[in-house]
Structure formats: structure tokens, C-alpha cells
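For reference, the structure is listed below as C-alpha cells.
Ligands are counted one by one from 1 in listed order, and the atoms in each one are counted from 1 as well.
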Amino acid sequence: MAKLRCPDTVNVLLLGTGGREHALAWKLKKSKRLGKLWVEPGANAGILELGQVCPEPLNDLFRMTRWCERENIALVVIGPEGPLAADYATKLEDYPKRVVFGPTKAAAQLEWDKAFAKQVMRAASVPTADSRVFHDVEQALAYVETRVDGCVVKATGLCAGKGVMVCRTVAEAQRAVEECLVKKSFGDEGKTILIEDLLEGPEVSVLALCDGSDFWILDAAQDHKRVGEGDTGPNTGGMGAFSPTPKATEELLRIVERDVLVPTIDALKRMDIPFRGVLYAGIMLTPAGPKVLEFNTRFGDPETQPILARLQGDLVELCWATATKQLSAVDLRFDSRAACCVMVCSKGYPGNYAKGVEIKGLEAARAVPRGQGEEIEIFHSGTARRNGSLVTAGGRVLGVTALASTGARAAELARNAAACIEFDGAFYRKDIGRQLA
Ligand code: AMP
Ligand code: GLY
């Protein structure tokens with residue numbers, strides 16, 4: 001294996017303010033190469049405990065790049081899709097002095113434009129639901145009338161996991177079309193919609209680190225998108241996740257590699273778009289084989305919490321290798337233990353919810369009885385400090401993540417710890433990981 005070329009000390013700027021970024025910050029802090037960790041203003045209370053706040057506003061590029069130079073920022077890690085779609089990967093890079101972990105806007109189009117993703121998949125024969133694109137409300141309504149077996153209506157832009165409406169009846173599909181094209185509930189992100197076939201089957205999240213040439217598939221995870229137990233109610237950003245998942249067998253991962261990842265990365269390459277960062281394929285295991293539901297171009301949230309809890313190795317090195325085309329010089333290993341994350345949320349999520357509600361019980365959650373080799377990590381998602389107290393600041397508030405020898409035990413431990421978190425209106429799904437042995 002080639003030797004990784006990476007500075008001994010790397011100052012890192014981490015963009016993003018939520019649970020995924022708290023997990024990234026936590027893992028970056030364990031790196032022997034980390035110099036100073038800088039984080040965004042507005043980061044949650046957990047992230048703020050780990051990093052120093054960058055004093056410049058992200059949208060003032062001139063001041064931002066000057067500041068990066070002054071502070072010798074060598075690596076920028078971009079967590080969320082927003083800054084990727086705004087092309088901060090290109091704007092903040094000053095190769096080779098400063099490299100960015102995260103794809104360019106052109107590559108991130110796989111996520112911020114679902115119609116583009118479909119085009120790429122169609123051109124590369126990647127298995128996915130058949131779909132049509134609409135801008136016009138009359139045409140869309142006429143089309144859904146023919147979809148008596150149900151369909152899925154999707155805003156093509158970025159909607160924080162909320163722009164997908166699974167419709168079992170024509171009436172539901174009509175309402176979904178009107179939501180996007182008449183009420184404009186998703187603004188410009190929903191002015192173009194996809195209407196696609198309704199698929200059935202369990203879902204897995206397959207994430208790969210790609211450096212523009214090589215890629216590493218991470219251990220897969222299973223997310224829980226619906227707000228209610230038994231997968232009921234509206235879609236959310238994700239109510240909990242575990243990794244590994246028995247659904248993602250070696251054989252399945254080889255099929256996803258061969259039929260999804262390789263052809264997608266190659267199709268982008270042919271368009272002169274190298275993909276560098278995390279390519280996340282949301283896969284449904286249908287009776288006709290695995291099909292892509294969506295691509296994300298970043299770590300998933302909450303999948304990142306259980307994945308990083310199990311990832312062995314140095315995250316600064318992994319990010320550096322990804323950003324500098326050196327993935328062949330790093331080794332990727334996972335803890336043999338299983339991890340499960342349960343999100344504790346604010347009442348009302350994914351709709352409206354209160355903020356600023358005092359949170360208690362973190363110490364009790366960390367102290368939940370456990371056996372040898374079992375661990376609990378609490379990642380903040382939507383939290384803030386107000387007069388010294390920890391308060392809620394989002395719909396998803398805390399991600400309680402446990403590690404244990406089996407998935408079932410990790411899930412039990414995560415639930416036990418989540419039960420200790422107290423704030424007015426706190427709720428979590430009690431069925432995350434129940435299906436695990
Ligand atoms: P997406 O953001 O595209 O992954 O969609 C969010 C969730 O909606 C997925 O995790 C699925 O549960 C569901 N979904 C998306 N597309 C389809 C589809 N074609 N058929 C059935 N369910 C879907
Ligand atoms: N948990 C799904 C996502 O990150 O998009």
C-alpha cells in the first residue's frame with residue numbers, strides 16, 4: 001500500500017451545525033493529526049464544546065478565505081448539502097494548500113437536483129424507479145389520475161428530507177402535486193417535481209468514500225425515515241439508524257457496487273465531473289432487486305452517528321485521502337460491535353415545534369447501566385445553550401448512540417439511554433432496531 005502523504009498537523013474547518021457534524025467533530029477530535037478544530041457560528045451546543053467558532057460569516061467569501069489563510073486551515077470538511085449546492089467545495093479550496101472534503105456543486109447535483117440524478121441513472125442503466133418530470137400543475141394532475149396503484153411525488157430540490165410524498169391513492173397524489181406546484185410549500189426547490197413508481201421493500205443506506213478515482217464502501221446502515229412507530233406518518237430527516245444491517249449482505253454490497261456506484265461515478269466522469277466525497281445511495285430492496293431511491297452527496301444524518309461510532313482509523317487522514325486522491329493509501333476498518341442511534345425529537349416534528357425548551361437527563365443517559373465493551377455516546381442535533389442551560393433548538397434534538405456486541409443489545413441500550421432524556425414534548429421511536437437479533 002502506498003504511504004499517505006498528509007501533514008502531521010492539520011487545522012480543520014468543519015461546516016454544518018447538526019448531529020452529523022457533532023459526530024464528525026467527535027471523530028476528528030480523536031485524530032492524532034488534528035491541529036485546531038474550527039466550527040461554524042450557529043453550531044449546536046455539542047459541537048461548540050469541541051471546536052472554536054470561526055468569526056467570519058460563511059457567505060463573505062473574501063473575508064472567509066483570508067481568514068482560512070491566516071489560521072492555516074488545511075482541510076475544510078463540509079457536512080450538509082446546503083454548502084455543497086452553493087459550491088463551497090470549489091470556493092474554499094486552494095489546492096494543495098487547502099483541500100476540501102466534499103464534492104463540487106457539479107457533482108453534488110446528484111443530490112440537489114433529483115431530475116438530474118434520474119438522468120444520470122437512466123444514462124448509466126442504474127436500477128431506479130421509473131419516473132417523469134413535471135413543471136405544469138395541469139399536466140401533473142392529469143398524469144396522477146392514471147396512477148391508481150399509487151406513486152411517489154418528489155420535489156426535485158433540497159427539502160431536508162421532507163419533499164418526498166409517498167401516495168397510495170390518486171387523491172393523495174393530487175394533494176402532493178398541489179402542495180408543490182400550487183401552494184409552493186417547498187418554494188423553488190419544489191417548482192419541478194418527479195412522479196415515480198411506488199416501490200416496496202426494506203431500505204438500506206450504502207455510503208462510499210470516493211476520491212475521484214477509487215472508492216471505499218462503508219459498512220451499510222438502516223435509517224428510519226417515518227416519524228411514527230411501525231414506519232407510519234410523514235417522512236422526517238431520519239428518526240434513528242443502526243449499522244451494520246443484516247439486510248446489507250456482502251452479496252448485496254457487491255451488486256450495489258457493480259450496478260450503482262461504479263456506473264454512476266463513471267457516468268459523472270464522462271461528463272468531466274469527478275466525484276470526491278461521500279456518495280450515499282438510498283437503496284430499496286425490491287422483489288426485482290435493489291433500486292436507488294435517491295442519492296445524497298454527503299454523510300447521512302443520523303446514519304453518520306452509528307457509522308462513525310464504529311469507524312476505526314483516523315478521520316483527518318480519511319478526509320485528507322479522499323480530498324487528495326489517496327484513498328488507496330488508507331485502510332478502512334470497522335469495530336466488530338454494532339451501533340444504534342435513536343433520535344430524541346421535539347413534539348410536533350417534522351411539522352412545527354417549540355424551541356428553547358430546557359433539556360435534562362444527559363448525565364443519567366450516559367450513566368445507564370451497561371456491560372463491559374458497551375458504550376453510549378450522545379450526539380447533539382438541535383441544541384443550544386441559554387444562560388448556561390441546555391435547550392432545544394431543532395426538531396431532532398439529540399442522537400443517543402450505543403455500541404454493543406449485537407445490534408439488538410445496542411438498540412436496547414440506546415432506548416434505555418433515550419428514556420433518560422427529559423424535556424417538555426420529548427419523543428423517540430421505541431421500535432428502532434427491534435427487528436435485530
Ligand atoms: P428520498 O429522500 O428520495 O430517499 O425519499 C425519502 C423516503 O421516501 C425513502 O427513504 C422511502 O422511504 C420513500 N420513497 C422514496 N422514493 C420511493 C419510491 N419510489 N417508492 C417507495 N418509497 C419511496
Ligand atoms: N438520513 C437521511 C439523510 O441523511 O438524508
[X], any N or O under 3.5 Å of ligand 2 N or O:
X      : answer
Asn296 : yes
Gly237 : yes
Glu303 : yes

Problem set entry | Point-to-point distance, once rounded to the nearest 0.5 Å, from CZ of Arg415 to CZ of Arg434 | 4.0 Å
Exercise. Hey, are Glu303 and Ser205 close enough side-chain-wise for a donor-acceptor pair under 3.5 Å?
Worked result: yes
Problem set entry | Glu40 side chain to Thr17 side chain, donor-acceptor N/O pair below 3.5 angstrom | no
I'd like to check which ligand 2 atoms, numbered from 1 as shown, lie under 4.0 Å from a non-hydrogen atom of [X].
X      : value
Lys225 : 2 (C)
Gly300 : 4 (O)
Asp223 : 1 (N), 2 (C)

For the side chain of [X] and the backbone of [Y], is there at least one donor-acceptor N/O pair under 3.5 Å apart?
X      : Y      : value
Arg298 : Ile78  : no
Thr169 : Glu172 : yes
Asp219 : Pro244 : no
Arg226 : Gly233 : yes

Using a strict 4.0 Å cut-off to heavy atoms of [X], name the atoms of ligand 1 that fall inside it.
X      : value
Lys154 : 3 (O), 15 (C), 16 (N)
Glu196 : 16 (N), 17 (C), 18 (C), 19 (N)
Glu294 : 1 (P), 2 (O), 3 (O), 4 (O)
Asp197 : 18 (C), 19 (N), 20 (N)
Lys225 : 4 (O), 10 (O)

Ligand 1 versus [X]: contacting region, heavy-atom distance under 4.0 Å:
X      : result
Lys114 : side chain
Leu199 : both
Val152 : side chain
Glu200 : neither

Problem set entry | Charged tip of Lys118 within 45° of Phe116 ring normal and under 6.0 Å | no
Exercise. For ligand 2, is Tyr280 a contact, meaning one of its heavy atoms is under 4.0 Å away?
Worked result: yes
For this session: Please state whether Pro302 comes within less than 4.0 angstrom of ligand 2, counting heavy atoms only.
Result: yes
For this session: Take Arg168 and Glu200 through the test salt bridge (Lys or Arg N to Asp or Glu O under 4.0 Å) and record every step on the way to the result.
Result: CA-CA 12 Å; Arg168 304 256 162 211; Glu200 304 280 356; 2.8 Å; yes
Are the charged groups of [X] and [Y] less than 4.0 angstrom apart, N to O?
X      : Y      : answer
Glu251 : Arg254 : no
Lys114 : Glu196 : no
Arg147 : Asp197 : yes

Residue and atom name of the nearest protein heavy atom (relative to [atom]), distance in Å to one decimal:
atom                    : answer
atom 5 (O) of ligand 2  : Arg298 NH2, 2.9 Å
atom 13 (C) of ligand 1 : Val166 CG2, 3.9 Å
atom 17 (C) of ligand 1 : Leu293 CD2, 3.5 Å
atom 7 (C) of ligand 1  : Asn235 ND2, 3.7 Å
atom 9 (C) of ligand 1  : Glu203 OE1, 3.5 Å

For this session: State, yes or no, whether a side-chain contact exists between Trp38 and Glu56 at a heavy-atom distance under 4.5 Å.
Result: no
